[in-house]
Structures are given as C-alpha cells and as structure tokens.
There are 4 protein chains.
Amino acid sequence: MTPLPHNRDEAPSPQKHDAILGAALELFVERGFHGTAVPAVAERAGVGAGTIYRYFENKEALVNALYQKWKTALASRVLEGFPVDVAPREQFQTIWRRMSDFVLEHPRAFAFLELHHHASYLDAASHAIENNVVEFATEFVRRAQAAKALKAVSPAVLMAVVNGAFIGIVRGSWEGRLELSRENLAAAEQCCWDAIRY
Amino acid sequence: MTPLPHNRDEAPSPQKHDAILGAALELFVERGFHGTAVPAVAERAGVGAGTIYRYFENKEALVNALYQKWKTALASRVLEGFPVDVAPREQFQTIWRRMSDFVLEHPRAFAFLELHHHASYLDAASHAIENNVVEFATEFVRRAQAAKALKAVSPAVLMAVVNGAFIGIVRGSWEGRLELSRENLAAAEQCCWDAIRY
Amino acid sequence: MTPLPHNRDEAPSPQKHDAILGAALELFVERGFHGTAVPAVAERAGVGAGTIYRYFENKEALVNALYQKWKTALASRVLEGFPVDVAPREQFQTIWRRMSDFVLEHPRAFAFLELHHHASYLDAASHAIENNVVEFATEFVRRAQAAKALKAVSPAVLMAVVNGAFIGIVRGSWEGRLELSRENLAAAEQCCWDAIRY
Amino acid sequence: MTPLPHNRDEAPSPQKHDAILGAALELFVERGFHGTAVPAVAERAGVGAGTIYRYFENKEALVNALYQKWKTALASRVLEGFPVDVAPREQFQTIWRRMSDFVLEHPRAFAFLELHHHASYLDAASHAIENNVVEFATEFVRRAQAAKALKAVSPAVLMAVVNGAFIGIVRGSWEGRLELSRENLAAAEQCCWDAIRY
DNA sequence: AATGAATGAGGCTTCATTCAT
DNA sequence: GATGAATGAAGCCTCATTCAT
C-alpha cells in the first residue's frame, strides 16, 4: 500500500553502497589496503565515516566485498556463455579478449585484483571465487591438452604463464612502460597462444 | 658498494643490520609494508625498537634499502658475465635459469620484489635499479629482433609477457597451485621462448 | 576574528576547544612547552588524546593558538579605547593599570606569555601580534618624548625597562618573594614612571 | 712520588667537564632544558654520550650544575669586594655595572639564568644561591632606605623592578629590539636609579 | 538511517640512560 | 676512564571504530 516499503531491518541505499566500494577501489589501488584510512574512503565516497559501518562490518569486510564484487564480475565476463563447441584456439582467444575488455573497461578494478598481494586479509569466500575461476581454466586446459592443442605440461604451469603474462602487460601499463592498447593486447595474445600450444 | 659504515656516523654491527633486513623481508612479504609495524620488525630481528633507527632513518628508508639490496642482487645475478657471443635462444635460457636460481635460493626476496605493489613508497634510487634492468632487457630484445630471432613486437610487450609469466609461476607456487621445481621452471621457460620467438 | 569553526572541516564543540586551551595553559606554565606531554594536556582537559588533534593540527599549533589567544587578549585589554587626549602620565598609568588588571584576572596566562622563552616554536602569526604591541608602545613613547614628558632615551630601552620591571613584579610573585597586590603594583607603577619621566 | 696522582675515585678531566657545561649552556639557551637531548649535548661537547654520565648523575643534575656554576659566577662578580663605605647611588651603580660586565662577557650564561623558567627542575642547592643573592640585595635596599636614599617601598618590589628592568634590557637585545651596548645599559641604569631613589 | 565528533589503542620515532668494549 | 651502540619507555600522532544526535 505504501509507495515504497521500508527495507526489512537494514535499509541500505545502493548508491551509497556503490559509492563506498568505488572510493575504496580508488584508494586501495593507490595506497593498498593497510595504507588506506577508512575515513579517507568515507570522504572520497561523500558519506560520513560511520556510514561505512552500516554497509560493511569492518575494514576487512569492505575489502573482501570489493574483492568479491570485482572478481565475480571478471569471472562472469569470462565464463558467461563461454563457447563450448569451438576450437581451443578460438576459445583461448575468447578468454583473452574478454579479459582485455574487462581490463580496458575497469582498469582500476583489475589493478586492485591482480596487482596487489591480498594474502593477509582475504577470507574464505574470496578465495572460493578465485578457486572457481581456476577450476574452470584447468578444465579448459585439460580438454585442450586431450585434443593435442596444448603442450603436455602441468595445467597449473600453463595457466600461471598465461595469467602471469596478462597481468604483466597490465603491470607494464601501470608502470608507464607500455600502452594498454588493443594492438598490444592482441600481440600479447598471439605470444601467449604460442607459449602454450602443442 | 663499500662494505663500510651504513648511515649516521660510526659503523654499527653488520649482523644487526642484516638481521633487521632479514626480519623486514619476512614481514613485508607476509603482511606488506603498511601492514607491518616497525616494532614487529625489531622483535623478529631480536633487537630493540629504537635500534632500527640507528641503521635506517625511518621505515621508508628501510623498505627502500631492502628493495635495493635484493633488486641489485637479482640484477647482478642475471647480468654478471652475461654471454654476449651466443645465440639469443641460449641467452634467453641463461636469463631464465639465472632468475630461477635466484628464486629457488631466495624465494622470499623474489616475492617481496615482485609480488607486492611498491608504488607508494619507493624512492628514486630504487626506481633507478629497476630501470637499469629494464634497459638491459630492452637491449637484449632489440638485438635478438634484429637477428630475426624474436617476434617483431614492441620490446616492452615481449618483456612484459616473459617477466609476467615468470612472476606468474612464482605467484602460483606461493598460492599453492604449483610446485616451484626445476622441472616446472624449465617447462615454463620453453613456453616463454615459444611465446616470443620469431 | 570570527567565532566560527576552528580547523579541519566542521565546527566542533567550543567547550572542548577551550578546555584544551585551559589545560594546556596550566601545564605549559608549570612545565613548559617541551616538558608537557600532549596526552597530559588531554587528560587534564578531560578529553581523549586523539581529540586534541581535531582542534589543533599538532602540538606546535596548539601552543601558538594559546599564545595568540592570550597575547591578543592582553593587547586588546591595553589598547581598546586607549585615551588619546590625556597627559602622558595618565596614559602611562592607564597602560600599567590595564596590565595589572589583566595579570590579576589571568595570572597564569600572563605567566605563560612572559615568564617563558618561546623563541624555538612561535610562528609568524604569533610574532606579528607581539610586534603590533611593540609598535603601539613605541608610538606612545615617541609622542611623550616629543612632549618632553619622557627621557630622551631610545624608546626600545624605555620600553624594555618598564615592561621588564612589570614582568619582574609578576616573576617575584610566582617565586613567592612578594605579593601581587594592587598596592605593590601601584608602587611599582610610580617607580616605573619615575624611571622614564623627563 | 708519581708525577700526577690518579684521582681518588673519579678522575674527571676538567676540560671535558667544562666542555659539557659549555655545550649544555649553548643548547639550553637555544631550545630550553626539555627541548635539548643529552646526546646532542655530548656531540656539541665532543664527547661520548655515556661520558656525560661520568660527570653528572643525570640530565637534571647537569642543568643544576650549570645553573649553580653561572649563578655563583654572577653573584661573585657582584658581591666580591662590594664597596661598603660609599653612597647608595654609587653602590647601585657598581651593582649595575658589574651585572653589565657579566652580561657582556657571558651573554649566553645570563640568558640561560634569567630568560628561562627553571621552576620545574631546579633543586634546593640552586635555589639556595638565588636566595643568597636576594638576601644581599635586600640588605642593600634596607640600608639605603634607612639612609633615605631609596623609596620607602617593600624591598622586594624595588628589587623586582630593577632586576626585571635589567633582564628586560637583555631580553630586548635577544629579541633584536635593541643593542646591548654600554650606552644603552648606562641609560637604563639611570632610569632604574630614578625608579627607586627617594 | 546517517552522521561525524570522539576515542584510545597502536603506530612511528626520539631520547635518557646503561653497559660491553 | 671513555665510548657509543643499544635499549625500551615514552612522546607525538593516526585511524578503526563507536555512539550520541
């Protein structure tokens, strides 16, 4: 009957929630988790310092929410509607292109996810997402290896090489050593395929 | 370069100096720079908190000294007596093997150098060392490209791919996804050569 | 000049601001600036240690704010509505009486201002106030000298004698050698007039 | 029989003792007692930090020794061979001139003694010297008052006025407002005599 | 529900003092 | 006897978190 029902027990405005995550992303990328003050996040988000604690239990919960949000986004981007019936070469290209699209659209999110060392504060839920992605990639590699499309090398090694190379390109762009252009990304893609192909 | 006194006036014990750097290395790898308290470094080093400041002007000077020490060690390891008159393939293998040796001997040092994002506190001297290494690598790539041994792709991209892949292997081992064995390192080496060769 | 917010962003409680200044005054008088710990100021003010930094950027800003507050108060007390059209003798008496009133009302503030050596931490704004007072006094002396009311001696010397004598009386009372009574202050006033009169 | 006997239980080199007191004088004048670090005193004195503790039990003992040394020197300068049989006017002039000589020869010592507030760390021995001086001055004033040479005002007030005025002159010179010349000192002397004479 | 002033624990750093050399 | 490296208590200040409004 009322135009808009009052939210159940907590009534978080999604705008504030996102503003906080956005501010945290910027600051965590610049100065890292431990180097960023919660009141600084609040100020950048345009909310009161106390407000952050209505949306996140504490600073660690905030960084985990941020990690999960973007890791999930990246995973979805790569996995959703993944082409099952095409050749491994094309599948690989698809993965690479989707990651490229993601990094070009959300450079800070990718930098936060992959350029920082989160070991000391990520929780189980965060690790679980990463594990899902790894599982998917492992499956892809195994199938492609069975089809003699990829080198007969431990999947973990092939994945580390390709993922590391991709992150290396992004890192190079953050350090000003190269431009994060489609051209460079495509060149790197060819390199990485050559790296792992049979 | 000189094994002489380190900072203020006289020459304090090199053992303490090294104990502090060793403790800082362990903690910075585990918890990052901002996540590590100076008194925690002192305790792990077995010295008083104030003692750290006899050897390093402040926390930032400590992390830069640590970075420079190990980045220099890594660079020396790769560059000293670098074989000039052999084929690019062999040169590449030499570089990769020397980095592998370094990682296997000093896994924490490499993790500190390459698994963390140091942008917010490294000083000019630290950057200068990294730049030297990059210059050397760029020169190697250009020569090999001139000899038609490597792909005609921007050197920065090829270097980012290979360096990223190497770091990816190390990262994978820290995350428990693969074993940092000579076998895996050798397999990755072949991948990376395939990635960049003409 | 404005009774508005004091520093960072918003307008914190003026009571706390004053409580901190009051506590700082007591402690700085007792133990000096360098001899007083900021947490001790907080405790005496009945606030948390961190609260001080919501009102003052650091310890030096606190001592300068305190100096400026009371130096301004003393200057206003002496200068406001200063009688221009009376004889130098009466003007002198007015100055002396106003300073006496101030000392009797705010003995600790005067002790803080004049019994301590602030050279190592006062900022330009603090010096500026003192300079204004000195300028006013110089002008008074010059006019009275022109009227042959005062000795033809360097104004700085006459001012140093009178100001020093006044401070000497206050110092004597803090050291328990004399009573800071109106009677003693009046006697000293006559002495000082005799000291400088033509 | 030995050329120079070993000193009893402590064998302090008078040169080092004096070097420490000299360094302490300079630093205490500049930054005050609490603002001066003991190692800084040692460095300025050209001795080891630990050496200071062979000559003085602790920092407080050092500042008291310094105070006593110079307060005694000042008192001796004024009191030794004080002319008993001359007129109060001449006696006053003698006192003033002797203080002037002292301040011109040892400006830092006088600044240390009189421009700083020592209340929180002076011990009984230090106070005793000051009391002696005050007693002497009181006696002088009383006799001169009995001879109708000085105003019939509480001796403590007259002494506070003159001593304060003298310190005011010195303070003015430290603050750069006047020159500490014999001429200015003589002018101030005349003022002060006029201040207290009958 | 939102705020931001307030807090105090904890971080970085200094320094009075000690003690092995 | 002299030293100065070493220490740890204590000082200044920041910041994650709370709570009154």
Would you say A/Tyr55 reaches E/dA2's phosphate, i.e. side-chain N/O to OP1/OP2 under 4.0 Å? yes
For atom CZ of C/Arg31 and atom C1' of F/dA10, their distance in whole Å: 13 Å
Over 60° means perpendicular and under 30° means parallel, so tell me whether C/Tyr121 and C/His34 are parallel, tilted or perpendicular. perpendicular
How many whole angstroms separate atom NE2 of A/His17 from atom P of E/dA2? 12 Å
Where does DNA chain E pair, written as one dot-bracket string 5' to 3', with Watson-Crick or G-U pairs under 3.5 Å, ( ) inside the strand, [ ] for crossing pairs and | for another strand? .||||||||||||||||||||
Closest approach of D/Ala24 to D/Val41 (non-hydrogen atoms, all atoms of both residues): N-CG1, 3.8 Å
Value in whole Å for how far the C1' atom of E/dA1 lies from CD of A/Gln15: 14 Å
For D/Arg108, does the CZ atom sit with more than 12 other heavy atoms under 6.0 Å from it, leaving out its own atoms? no
Whether B/Glu26 and B/Arg31 form a salt bridge (side-chain N of Lys/Arg under 4.0 Å from carboxylate O of Asp/Glu) is what I want to check. no
Quick one: does A/Ser126's side chain have a donor or acceptor within less than 3.5 Å of a partner on A/Tyr67's backbone? no
Could you state the CD-P distance from C/Glu43 to E/dA9, rounded to the nearest angstrom? 13 Å
To the nearest 0.5 Å, what is the distance between CG on D/Leu113 and CD on D/Glu130? 9.0 Å
Side chain to side chain, A/Tyr55 and A/Val47, heavy atoms closer than 4.5 Å: no
E/dC15 C1' sits how many Å from D/Ile52 CD1, rounded? 12 Å
Rounded to the nearest angstrom, tell me the gap between atom CZ in B/Phe56 and atom P in F/dA6. 12 Å
Hey, does the side chain of B/Lys16 come within less than 4.0 Å of F/dA5's phosphate (OP1/OP2), counting only N and O? no
Aromatic rings A/Trp70 and A/His106: how do their planes relate, parallel, tilted or perpendicular, breaks at 30° and 60°? tilted
Find the distance D/Leu62:CG to E/dC15:P and express it as a whole number of Å. 16 Å
Under 4.0 Å protein heavy-atom contacts per nucleotide of nucleotides 15-21 of chain F, with B for base, S for backbone only and - for none: SBBB---
Can you say whether the rings of C/Phe112 and C/His116 are parallel (under 30°), tilted (30 to 60°) or perpendicular (over 60°)? tilted
Just how far, in rounded Å, is P of F/dG1 from CZ of D/Arg54? 5 Å
